[in-house]
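One structure is given here, and the rest of the page talks about it.
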Amino acid sequence: MSATPTRPVTAVILVAAGSGQRLGYGMPKAAVPLGGEPILMHALRGIVASGVSSQVVIALPAADNALRQLCEDFREELADGGPLLSIVDGGATRAESVRAGMGALMDGIDAVLVHDAARALTPESVFHRVVDALAAGASAVIPAVAVVDTVKTVAATTGMDTALAPEVVTGTAPREELRAVQTPQGFRLSTLRQAHEAARALDQQQSAAVTDDAMLVELLGTPVHAVRGSSQSLKITTPLDLILAEGLLEGPLGARWVEG
């Protein structure tokens, strides 16, 4: 039997700088309560429980002292063990937050997982699948799930057709080839740095079209591999998402059980 590949020294950049406007709580998304604790705390506990990281860098809304204090309190919990916890001010965009996180990485980090705090209930097994793929030699890895809905491409209607409907179908995407992408997304640190450096040359329209770090790596021509994600890794963005997440926490099997 071949030996199990050695896992790279890994850090997690936790992006938690979102405004949370669509949740309607009037506070940053990371601070919104879920099962009696802020969303941020669920995300942090899940990362630490997975045991994959030597460091966790949290990108928070600038000057948010309440969330900073939460992280400081959690750091005290980790005083007797666990990853190094670092805090940075997030930027106006996701890419800026990730770059700020990379700037705070300690020496010796080989791989980085970029994770959304809004995917606060991601099972530990997803973290392990991503890191194992990096250990096996992948430069970039994303967790993904099959798309169950039929997905169509559309265009805005014109002329007389605007009275019928705002859009018209232009095609149907082959569902068997589609995947819904989740986080944590894993990268060799050198690959992620190169991708973000290349992104500085993008114009405003091109930058706006980039929705995750994997897209930046794709633009380099570097293969991005996919591992199985989880139905539990829902992204908490709307009030309905929050209700679903509460249901997962209150279900009979607990918080991080579903393999998905």
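Model, not experiment: these values are computed from the prediction. Position 1 is the first residue of the sequence; numbering continues from there. These numbers come from the heavy atoms of this one structure, side chains and all, not from hydrogens, waters or symmetry mates.
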Between the side chain of Arg7 and the main-chain N/O of Asp132, is any donor-acceptor distance below 3.5 Å? no
How many angstroms lie between OG1 in Thr122 and NZ in Lys235, if you round to the nearest 0.5 Å? 11.5 Å
Pick one: which of Thr162, Thr158, Thr157, Asp161 meets side-chain contact (heavy atoms from CB on, under 4.5 Å) with Val168? Thr157
Heavy-atom pair with the smallest gap, counting every atom of Ser53 and Pro83: O-CB, 3.5 Å
Under-4.0 Å salt bridge between Asp212 and Arg94: no
Atom pair CZ/CD of Arg119 and Gln232 - distance to nearest 0.5 Å: 12.5 Å
With rounding to the nearest 0.5 angstrom, report the CG to NZ distance, Leu34 to Lys29. 12.5 Å
What pairs with Ser139 under side chain to side chain contact (heavy atoms under 4.5 Å, CB included), at least two apart in sequence or on another chain? Thr191, Thr222
Is there a donor-acceptor contact under 3.5 Å linking the side chains of Ser86 and Gln55? yes
What is the minimum heavy-atom distance between Ala111 and Pro8, and which atoms define it? CB-CG, 3.8 Å
Flag the pair Met27 / Val32 as yes when at least one side-chain heavy-atom distance between them is below 4.5 Å, and no otherwise. yes
Please check if Leu78 and Leu14 belong to a single hydrophobic cluster, counting links between Ile, Leu, Val, Met, Phe, Trp and Tyr side chain heavy atoms closer than 4.5 Å. yes
Does Ser207 reach the main-chain N or O of Asp203 with its side chain, forming a donor-acceptor pair under 3.5 Å? yes
Can you tell me how far CD of Glu246 sits from CD of Glu250, rounded to the nearest 0.5 angstrom? 5.5 Å
Would you please name every residue forming a salt bridge (Lys or Arg N to Asp or Glu O under 4.0 Å) with Glu96, sequence neighbours left out? none
Please confirm whether the backbone N or O of Ala118 pairs with a side-chain atom of Asp116, one donor and one acceptor, at under 3.5 Å? no
Taking Lys152's backbone N and O only, do any of them form a donor-acceptor pair with Thr172's side chain (distance below 3.5 Å, no angle check)? no
May I ask you to decide if Ala133's main-chain N or O and His225's side chain share a donor-acceptor pair within less than 3.5 Å? no
If every non-hydrogen atom of Ala140 is compared with every non-hydrogen atom of Phe187, which pair is closest and at what distance? CB-CD2, 3.6 Å
Heavy-atom donor-acceptor pair, Gln185 side chain to Ala214 backbone, under 3.5 Å: yes
Student check: side-chain heavy atoms of Asp213 and Val112 closer than 4.5 Å: no
What do you reckon, is CD of Glu176 surrounded by more than 12 foreign heavy atoms closer than 6.0 Å? yes
Taking Leu70 as the starting point, is it possible to reach Phe74 by hopping between hydrophobic residues whose side chains are less than 4.5 Å apart? yes
Main-chain N/O of Ser50 paired with His128 side-chain donor or acceptor, under 3.5 Å: yes
Could you tell me the separation between the CG atom of Leu189 and the OG1 atom of Thr10, rounded to the nearest 0.5 Å? 10.0 Å
If Ile, Leu, Val, Met, Phe, Trp and Tyr residues are connected whenever their side-chain heavy atoms lie under 4.5 Å apart, and connections chain through other members, are Val12 and Val88 in the same group? no
Counting only N and O atoms by type, is there a donor-acceptor contact under 3.5 Å from the side chain of Gln182 to the main-chain atoms of Leu234? no
Shortest non-hydrogen contact from Ser97 toward Gly91: OG-N, 2.9 Å
Minimum-distance pair of heavy atoms, taken over all atoms of Ile13 and Val98: CD1-O, 3.8 Å
For a 4.5 angstrom cut-off between non-hydrogen side-chain atoms, does Val114 reach Val15? yes
Using the rule that Ile, Leu, Val, Met, Phe, Trp and Tyr join whenever any side-chain heavy atoms are under 4.5 Å apart, tell me whether Val217 and Ile142 fall into a single cluster. yes
When clusters are formed by joining ILVMFWY residues with side-chain heavy atoms under 4.5 Å apart, either directly or through shared neighbours, do Ile87 and Leu40 land in the same one? yes
Please check this pair: side chain of Arg129 against backbone of Arg228, looking for a donor-acceptor N/O pair closer than 3.5 Å. yes
Non-hydrogen side-chain atoms of Arg99 and Arg200 separated by less than 4.5 Å: yes
Given Arg68 and Asp89, is the side chain to side chain contact (heavy atoms under 4.5 Å, CB included) satisfied, shown in steps? CA-CA 10 Å; Arg68 280 181 172 270; Asp89 285 339; 2.7 Å; yes
Correct closest heavy-atom pair for Ile236 and Ala245 would be CD1-CB, 3.8 Å
Looking at Leu134, is its backbone amide N or carbonyl O close enough to the side chain of Arg188 to form a donor-acceptor pair, meaning the two atoms are under 3.5 Å apart? yes
Below 3.5 Å, can you tabulate the donor-acceptor pairs from side chains in residues 58-67 to any protein atom, sequence neighbours excluded?
{"unit_1": "Asp64", "atom_1": "OD1", "unit_2": "Ala66", "atom_2": "N", "d": "3.3"}
{"unit_1": "Asp64", "atom_1": "OD1", "unit_2": "Leu67", "atom_2": "N", "d": "2.9"}

Looking at CG of Leu113 and CD1 of Ile47, how far apart are the two atoms once the value is rounded to the nearest 0.5 Å? 8.5 Å
Just wondering, do Thr211 and Val181 contact through their side chains at under 4.5 Å, heavy atoms? no
